[in-house]
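In the text below, chain A, chain B and the rest are named by the order of the sequence lines, each starting its count at 1.
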Amino acid sequence: MDERYEEETKEKAPLNFLERIIEDDLNNGRVPDNTIVTRFPPEPNGYLHIGHIKSICLNFGLAQKYQGRCHLRLDDTNPEKEDVEYSDSIKRDIRWLGFEWEPYEYHASDYYGQLYEIALQLIKDGKAYVDSLTGEQMKEYRGTLTEPGKNSPDRERSIEENLRLFEEMHAGKHPEGSYVLRAKIDMASPNINMRDPVLYRIKFASHPRTGDTWCIYPMYDFTHPISDAIEGITHSICTLEFEDHRPAYDWATSIDGIEHAPHQYEFARLNINYLVMSKRRLLQLVKLGIVDGWDDPRMPTISGIRRRGYSPESMKDFVSRIGVAKVEGVVDYSLLEFCVREDLNKRAKRLMVVLDPLKLVIDNYPEDQVEYFEAVDNPEDPNSAVHQIPFSRELYIEREDFMEVPPKGYHRLYPGNEIRLKYAYYVTATEVVKDEEGTIVEVHCTYDPTSRGGATADNRKVKGTSHWVSASEGVTIEARLYDKLFLTEYPGQKTGNYLDDLNPDSLKVVTDAKAEPEILKAQVGDYLQFIRNGYFCLDNKTGKTELPAFNRTVTLKDSWAKLKQKMGV
RNA sequence: UGGGAAGUCGCCAAGCGGUUAAGGCUCUGGUUUUUGGUGCCGGCAUCGGGGGUUCGAAUCCCUCCUUCCCAGCCA
């Protein structure tokens, strides 16, 4: 009825700058076959981390949105650092996120032959030369940020000589470091990347894919743009630090004979506070044994995230919420947690698990009786299944849920107070049993048989509801309580050493948590909520050995903890 | 001091000469609740500074300031 309303609901979500470019290109016929082609080009020299998720979602997402395609290209031009172990993990991680590249899987090494031919052509055209400067000398000749560089003495070497030398490099006749092939561009360029960049270096290293076929390997600035061109990439999206390389990219895609000219666009990489993301630091955490491996649940690697219990859907949602721009910012860790909680709240099966057990004895409950209560698997789901929970005279409740002398605002169990045991009965604490040291070892209470199911006919209210586990029927599990790996927003900012900011309590292992028997049905990959404690998942490594181990994905929001802190309790 | 880029709420981020300057997270009031969870309702910025153009500027121009990236035979 209201046209304006109609229009508003039809209104498109705002486009990010890349979508705008693509739509503009599409609308102006600048895209061959009207099919955009992107690529995700990781170097197989480490595990993918959460920062890569942004790039993956961008490249695959854009291709999906505009009905194009996205290639997976392993950028393997440095055999010294790369390994198939990494390639395998990269593929596993992309698939986990729900993206598929088949049949478009490529390797930069697929193009070594073509790259070599192009290099030869460049030499013949007088656009590249073999340089014998040492690394040290090259640095000197390169100049500085403010001073121009100067030409290498080899810059005017004859084409024949260059050809001969390059072929000899290829044939393995020269040792590593003796020669490189350089582009002849401009040693006085204000852009250092254009001061005759190295195209090829000699490396007598065995390549994971090409073995010992090559002893010269092409550099990124040469390989990447040409790989893009060969594959028909239309939009080559990378991070901001490559902005300075765009002229080199354009130089390479303008080489005679290269028909398709893709374009490079740069976006700001993802930064999240309280996290370290560089491959160097992640590798160090693994090597120093600070974490359990690349897939330690505290690691921001995709494999760590997966083991921690984060869902791929929540990660994609996270990426879509942070947006895409050229501003280098730092996203709040709280947004990440929000996305995980939001998704898990909708899908996690609820279970009662007591992490810090305190025995609760119901004095007026029949000694050997066991009765069952029905629990909803997921109250967020109107069609949720249900399961049964055994109840008995002796139970465990969370130690935090009882206090002998409660502070103001505490409405859990304390002497004389009545609370609800979720799904079961109302109980009132009557007596406390302590050991010699004065620690509470047992709480006694009485229950109201008419409150069966957790409500009474007189409709009287209780302020607290606790979860519980039957002492006789419950099972013991291991729970790994993960917290942030770092204590500060920007690890290392103060001392210069990020290891100084490690959180000593980033992992607490509880080996005597008590759970309702239903937990034994949990499978790897299931999303669980331990009621009032947080989201958990069965660890995907230890599986079910003696003690099933569960990893805490994230806690529930805890406004009581916040209140307590504010009151200074 | 060379080149490249960026500056809109505590954090992301829309906005593209005329809007009460979207939205999300955080924070914060209230409400619902057999999870102190969830849900629901509400609160929270004049756009890095200064000039100018214009009837009108976050949006255009000038200038200053701040931050980030670049001197691997890494990617």
Checklist entry - With respect to the side chain of A:M138, which nucleotide from B:rC74, B:rC70, B:rC73 is positioned closest? => result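 So the nucleotide nearest the side chain must be B:rC73.
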
Next on the checklist: Among B:rG36, B:rU28, B:rG37, which nucleotide has an atom closest to any side-chain atom of A:R350?
Outcome noted: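 The nucleotide sitting nearest to the side chain is B:rG37.
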
Polar atoms only, N or O, under 3.5 Å: list the protein pairs with nucleotides 24-27 of chain B and their distances.
from	atom 1	to	atom 2	distance (Å)
B:rG24	O2'	A:R321	NH1	2.6
B:rC25	O2'	A:S334	OG	3.3
B:rC27	OP1	A:K562	NZ	2.7

Atom [atom1] of [X] and atom [atom2] of [N]: how far apart are they, to the nearest Å?
X: A:N193; N: B:rC73; atom1: CG; atom2: P; value: 11 Å
X: A:L556; N: B:rU33; atom1: CG; atom2: C1'; value: 14 Å
X: A:E266; N: B:rA75; atom1: CD; atom2: P; value: 18 Å
X: A:E43; N: B:rG72; atom1: CD; atom2: C1'; value: 13 Å
X: A:E80; N: B:rA75; atom1: CD; atom2: C1'; value: 13 Å
X: A:Q264; N: B:rA75; atom1: CD; atom2: P; value: 15 Å
X: A:F242; N: B:rG3; atom1: CZ; atom2: C1'; value: 18 Å
X: A:D381; N: B:rG39; atom1: CG; atom2: P; value: 16 Å

Checklist entry - Got a sec, which residues hit side-chain hydrogen bond (donor to acceptor under 3.5 Å, both in side chains) with A:D154, two or more places apart in sequence or on another chain? => result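 So A:D154 forms a side-chain hydrogen bond (donor to acceptor under 3.5 Å, both in side chains) with A:S132, A:R157.
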
Item to check | Donor-acceptor pair under 3.5 Å, A:E380 side chain vs B:rG37 base | outcome: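 Counting by modelled atom types and ignoring angles, a donor-acceptor contact under 3.5 Å is found here.
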
Checklist entry - Do A:N191 side-chain and B:rG4 base share a donor-acceptor contact under 3.5 Å? => result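 When only heavy-atom distances are counted, A:N191 does not reach the base of B:rG4 through any donor-acceptor pair under 3.5 Å.
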
Next on the checklist: If I compare all heavy atoms of A:Q529 with all of A:Y535, which pair ends up nearest, and what's the gap?
Outcome noted: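 Residues A:Q529 and A:Y535, closest heavy atoms: NE2-OH, 3.3 Å.
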
Next on the checklist: Show me the pairs that pass side-chain hydrogen bond (donor to acceptor under 3.5 Å, both in side chains) and involve residues 38-51 of chain A, at least two apart or across chains.
Outcome noted: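 Checked against side-chain hydrogen bond (donor to acceptor under 3.5 Å, both in side chains) - neighbours excluded - the pairs reaching residues 38-51 of chain A are A:R39-A:H224, A:R39-A:S236, A:E43-A:N45, A:N45-A:K279, A:Y47-A:E85.
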
Checklist entry - What pairs of residues pass the salt bridge (Lys or Arg N to Asp or Glu O under 4.0 Å) test when at least one of them lies in residues 169-184 of chain A, not counting sequence neighbours? => result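 Salt bridge (Lys or Arg N to Asp or Glu O under 4.0 Å) check on residues 169-184 of chain A returns A:D131-A:R182, A:E156-A:K184.
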
Checklist entry - Hey, what's the ring geometry for A:Y220 with A:F242, parallel, tilted or perpendicular (30° and 60° as the breaks)? => result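 Ring orientation of A:Y220 relative to A:F242: tilted.
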
Item to check | Parallel, tilted or perpendicular: rings of A:H207 and A:Y217 (30°, 60°) | outcome: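 Answer is parallel, since the angle falls under 30°.
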
Next on the checklist: For a 4.5 angstrom cut-off between non-hydrogen side-chain atoms, does A:L48 reach A:F40?
Outcome noted: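 They are in contact (side-chain heavy atoms under 4.5 Å apart), so the answer is yes.
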
Item to check | CG on A:L58 to OG on A:S320, rounded to 0.5 Å | outcome: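 A:S320 OG to A:L58 CG: 11.0 Å, rounded to 0.5 Å.
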
Checklist entry - By side-chain contact (heavy atoms from CB on, under 4.5 Å), which residues pair with A:M219, not counting sequence neighbours? => result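 For A:M219 the side-chain contact (heavy atoms from CB on, under 4.5 Å) partners, ignoring immediate neighbours, are A:V198, A:R201.
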
Item to check | Residues that A:T465 engages under side-chain contact (heavy atoms from CB on, under 4.5 Å), provided they are two or more places apart | outcome: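 Residues passing side-chain contact (heavy atoms from CB on, under 4.5 Å) with A:T465: A:R420, A:K422.
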
Checklist entry - Are a donor atom and an acceptor atom from the side chains of A:Y249 and A:D228 found within less than 3.5 Å of each other? => result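 The answer is yes; a qualifying pair exists.
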
Checklist entry - In residues 46-59 of chain A, what residues come within less than 4.0 Å of RNA chain B, judged by heavy atoms? => result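 Heavy-atom cutoff 4.0 Å gives no residues at all.
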
Item to check | Nearest-nucleotide comparison on RNA chain B, the residue closer to the 5′ end among A:A424 and A:A268 | outcome: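 Comparing both residues, the 5'-ward one is A:A268.
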
Checklist entry - Nearest nucleotide by nearest heavy atom, which residue falls closer to the 5' end of RNA chain B, A:V331 or A:R412? => result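 In this pair, the answer is A:V331.
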
Checklist entry - Taking the same atom, P, in B:rA57 and in B:rG48, what whole-Å distance lies between them? => result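 Result for the P pair: 15 Å, nearest Å.
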
Could you pull out all residues at least two apart from [X] that satisfy salt bridge (charged side-chain N to carboxylate O under 4.0 Å, His left out)?
X: A:R532; value: A:D401
X: A:E489; value: none
X: A:E19; value: A:K65

Item to check | Under-4.0 Å side-chain N/O to phosphate OP1/OP2 contact, A:T146 with B:rG3 | outcome: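 No, A:T146 has no side-chain N/O under 4.0 Å of OP1/OP2 on B:rG3.
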
Check nucleotides 5-8 of chain B for protein N or O atoms closer than 3.5 Å to its own N or O atoms and list the pairs.
none

Polar atom pairs between nucleotides 14-16 of chain B and protein, under 3.5 Å, N or O only, would you list them?
from	atom 1	to	atom 2	distance (Å)
B:rG15	OP1	A:R20	NH2	2.8
B:rG15	OP2	A:R20	NH2	3.4
B:rC16	N3	A:R20	NH1	2.5
B:rC16	N4	A:R20	NH1	2.2
B:rC16	N4	A:R20	NH2	2.9

Next on the checklist: Strictly below 4.0 Å, N to O, side chains only: are A:D317 and A:R321 in salt-bridge contact?
Outcome noted: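 Here A:D317 pairs with A:R321 in a salt bridge, since their nearest N and O are under 4.0 Å apart.
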
Checklist entry - Is A:W560 stacked on the base of B:rG36 when the test is centres under 5.5 angstrom and planes under 30 degrees? => result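 One would call A:W560 stacked on the B:rG36 base.
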
